[in-house]
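Everything on this sheet refers to the single structure shown next.
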Amino acid sequence: QVQLAESGGGLVQAGDSLRLSCAASGRTLSASTMGWFRQAPGKERTFVAFIRWSTGSTRYADSVKGRTTISRDNGKNTLYLEVNNLKPEDTGVYYCAAGAGLGLPSELLQRPSRYSYWGQGTQVTVSS
């Protein structure tokens with residue numbers, strides 16, 4: 001079992017930067033892929049980024065590529081998401097996810113159904 005707890009959300013202005021954190025506890029994450037997803041009001045949960053915990057390899061959604069960095073701290077068992085130049089369309093609840101297999105193709109790791117564990121989410125609101 002893995003417990004995930006996100007933090008760092010809030011109300012920001014367009015153009016600002018934000019760093020989200022996800023503290024993980026429980027099972028080791030070394031054999032897992034972790035990801036960030038977001039859900040806007042009335043919309044489905046969508047992929048933002050993932051990182052394969054043991055290798056550090058990453059993938060980003062096109063909508064955030066070039067202004068977003070996903071990273072992890074092995075010692076702290078913590079996942080991060082830094083988003084720069086925030087836009088109003090970045091608004092939503094951001095969820096941390098874990099438990100997806102390391103060997104899965106990148107296309108499958110962008111699907112929420114591939115993750116076994118989820119945090120409670122943290123709200124990010126970007127005003128224009």
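In this text, all values refer to a predicted model and were calculated from it rather than measured experimentally. Residue numbers count from 1 along this sequence.
At a cut-off of 3.5 Å, with distance as the only test, a side-chain donor of T55 or S57 sits close to an acceptor on the other residue. Side chains of S17 and N84: a donor on one and an acceptor on the other come within 3.5 Å. Checking T91 against E89 by side-chain atom types alone, no donor-acceptor pair falls below 3.5 Å.
Y80 does not carry R72 over the face of its six-membered ring by the limits of under 6.0 Å from the centre and within 45° of the normal.
Note on V12 and V48: same hydrophobic cluster, where clusters join Ile, Leu, Val, Met, Phe, Trp and Tyr whose side-chain heavy atoms are under 4.5 Å apart, directly or indirectly. Linking ILVMFWY side-chain heavy atoms closer than 4.5 Å, directly or via other members, places W36 and W118 in two distinct hydrophobic clusters. The cluster map of Ile, Leu, Val, Met, Phe, Trp and Tyr, joined by side-chain heavy atoms under 4.5 Å apart, puts M34 and Y115 in different clusters. Both Y60 and L20 sit in one connected hydrophobic cluster of ILVMFWY residues. Membership requires side-chain heavy atoms under 4.5 Å apart, directly or through other members. A single hydrophobic cluster is not seen to contain both L4 and F50; linkage of ILVMFWY side chains at heavy-atom distances under 4.5 Å, directly or through other members, places them apart.
Q123 and T125 make their closest contact through NE2-OG1, 3.3 Å (heavy atoms, listed as atom of the first residue, atom of the second, distance). Between F47 and Q110, the closest heavy-atom pair is CB-O, 3.4 Å. In terms of heavy atoms, L81 sits closest to A49 at CD1-CB, 4.2 Å. Closest approach of T78 to W53, counting heavy atoms only: O-CH2, 3.8 Å. In terms of heavy atoms, S106 sits closest to R52 at OG-NH2, 3.5 Å. A pairwise comparison of heavy atoms in P88 and A14 identifies CD-CB, 4.2 Å as the closest pair.
With a 4.5 Å cut-off on side-chain heavy atoms, R38 and V64 count as touching.
Results of the side-chain contact (heavy atoms from CB on, under 4.5 Å) test with I51 over T69, L109, L79 single out L79 as the only residue that passes. Between V126 and the options L86, L11, L18, a side-chain contact (heavy atoms from CB on, under 4.5 Å) holds for only L86.
Atoms OG1 and CZ, on T46 and R111 in that order, are 14.5 Å from each other to the nearest 0.5 Å. The distance from atom CG of L108 to atom CZ of R114, rounded to the nearest 0.5 Å, is 4.5 Å. In this structure, E6 CD and C96 SG are separated by 5.5 Å, a value rounded to the nearest 0.5 Å.
Within 6.0 Å of atom CD in Q120, more than 12 heavy atoms from other residues, nucleotides or ligands are found, so the atom counts as buried in its surroundings.
Residues passing the ring-ring contact (aromatic ring centres under 6.0 Å, His included) test with Y94: none are found, sequence neighbours excluded.
The residues K87 and D90 are annotated as not salt-bridged, no charged nitrogen and carboxylate oxygen being separated by less than 4.0 angstrom.
Not a single donor-acceptor pair under 3.5 Å links the side chain of Y117 to the backbone N or O of A100.
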